[in-house]
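Values in this document were obtained by computation on a predicted structure and should not be read as measured data.
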Amino acid sequence: MALLPILCYPDPKLHRVAKPVAAVDARIKTLIADMRETMYEAKGIGLAATQIDVHERLIVIDVSEERDQPIVLINPELSWTSAEKHLNEEGCLSVPGIYDGVERFDAVHVRALDGDGQSRVIEADGLLAVCIQHEMDHLMGKVFVEYLSPLKRNRIKTKLLKAQREDAR
């Protein structure tokens, strides 16, 4: 397994739309293991392949307290969303240190392949539902800060670009 570099906003590669995974083969299984390791190391609860500059429809998630219940979603599609929505505080491994409110559906059903290529439907609410929606946005080339006002988004972009310049020194 290997730790993978995570793209940071405002990297334009974060805005590429992911293509479907053609086959759950050895390459994808290795990628899943590497993404899981990267997510855990970064102390995240979800990671989309887009965030590691692989533009395929693949997500790993683990919202469990013990960090021992990973979920793999390959080619995920929302099949149902609740009528109710709530504002949730979100952060992102690609937008380090930034947290803000984003309105999401309270509950969702998602149809996807698991890490073995088996079709499944996950009925999610709470944090898992929020995480699924957040990571699926990445697959569509959308970062959570795009839900914020242009003023907030520009402040975040300026702050992160400054931090990246300082890190490069």
Query raised in the report: In terms of hydrophobic clustering (I, L, V, M, F, W, Y; side-chain heavy atoms under 4.5 Å; direct or indirect links), are Val130 and Met136 co-clustered?
Result: no
Report task. Verify the cluster assignment for Leu78 and Val63: are they in a single hydrophobic cluster under the rule of side-chain heavy atoms below 4.5 Å apart? Result -> yes
Query raised in the report: Taking all non-hydrogen atoms of both residues, which atom of Cys92 and which atom of Gln51 are closest, and how far apart?
Result: SG-NE2, 3.7 Å
Query raised in the report: Can you name the nearest heavy-atom pair linking Val24 to Gly117, along with the distance?
Result: CG2-CA, 3.7 Å
Query - Where at least one partner belongs to residues 37-50, residue pairs that pass side chain to side chain donor-acceptor pair (under 3.5 Å), sequence neighbours excluded - result: Tyr40-Asp62
Return all side-chain donor-acceptor pairs below 3.5 angstrom for residues 12-20, not counting sequence neighbours, or 'none' if the list is empty.
residue : atom : partner : partner atom : Å
His15   : ND1  : Gly141  : O            : 3.1
His15   : ND1  : Glu146  : OE2          : 3.3

Report task. Kindly state each residue pair satisfying salt bridge (Lys or Arg N to Asp or Glu O under 4.0 Å) with at least one member in residues 68-82, sequence neighbours excluded. Result -> Arg57-Glu77
Requested in this report: Go through the structure and list residues passing ring pair (Phe, Tyr, Trp, His ring centres under 6.0 Å) with His138, not counting sequence neighbours.
Outcome: His134
Would you give me the side-chain donor-acceptor pairs under 3.5 Å for residues 96-113, sequence neighbours excluded?
residue : atom : partner : partner atom : Å
Asp100  : OD1  : Lys152  : NZ           : 3.3
Asp100  : OD2  : Lys152  : NZ           : 3.0
Arg104  : NE   : Glu90   : OE2          : 2.7
Arg104  : NH1  : Asp137  : OD2          : 2.7
Arg104  : NH2  : Glu90   : OE1          : 3.1
Arg104  : NH2  : Asp137  : OD2          : 3.4
Asp106  : OD1  : His86   : N            : 3.4
Asp106  : OD1  : His86   : ND1          : 2.6
Asp106  : OD2  : His86   : ND1          : 2.9

Please tabulate, one pair per line, all N/O donor-acceptor pairs under 3.5 Å involving side-chain atoms of residues 159-167, not counting sequence neighbours.
residue : atom : partner : partner atom : Å
Gln164  : NE2  : Tyr9    : O            : 3.2

Requested in this report: May I ask whether Ile156 and Phe144 are part of the same hydrophobic cluster, defined by side-chain heavy atoms of I, L, V, M, F, W, Y residues being less than 4.5 angstrom apart, directly or through others?
Outcome: yes
Report task. Report, as yes or no, whether the 6.0 Å neighbourhood of atom CZ on Arg155 holds more than 12 heavy atoms from other residues, nucleotides or ligands. Result -> no
Query raised in the report: Which pair of non-hydrogen atoms, one from Ala49 and one from Leu139, has the smallest distance, and what is that distance?
Result: N-CD2, 4.5 Å
Query - Joint hydrophobic cluster, Val60 plus Ile71, side-chain heavy atoms closer than 4.5 Å - result: no
**Report entry** pair Ile122-Leu73: side-chain heavy atoms closer than 4.5 Å
**Finding:** yes
Query - Reference residue Ile52; test side chain to side chain contact (heavy atoms under 4.5 Å, CB included); the match among Leu58, Leu47, Leu93 - result: Leu47
Query raised in the report: Does any non-hydrogen side-chain atom of Asp53 lie less than 4.5 Å from one of Asp11?
Result: no
Query raised in the report: Should Met39 and Val54 be counted in the same cluster of Ile, Leu, Val, Met, Phe, Trp and Tyr side chains packed under 4.5 Å apart?
Result: yes
Query raised in the report: Roughly how far apart are Leu127 CG and Ile45 CD1, rounded to 0.5 Å?
Result: 4.0 Å
Query raised in the report: Rounded to the nearest 0.5 Å, what separation is found between the CE atom of Met35 and the CG atom of Leu4?
Result: 8.0 Å
Query raised in the report: side chain to side chain donor-acceptor pair (under 3.5 Å): which pairs involve residues 20-36, sequence neighbours left out?
Result: Arg27-Glu56
Query raised in the report: Is it true that atom CD of Glu89 has more than 12 heavy atoms of other residues, nucleotides or ligands lying nearer than 6.0 Å?
Result: yes
Query raised in the report: Can you list every pair that meets side chain to side chain donor-acceptor pair (under 3.5 Å) and has a residue in residues 112-127, with sequence neighbours left out?
Result: none
Query - Side-chain touch Ile32/Ile74, heavy atoms, less than 4.5 angstrom - result: yes
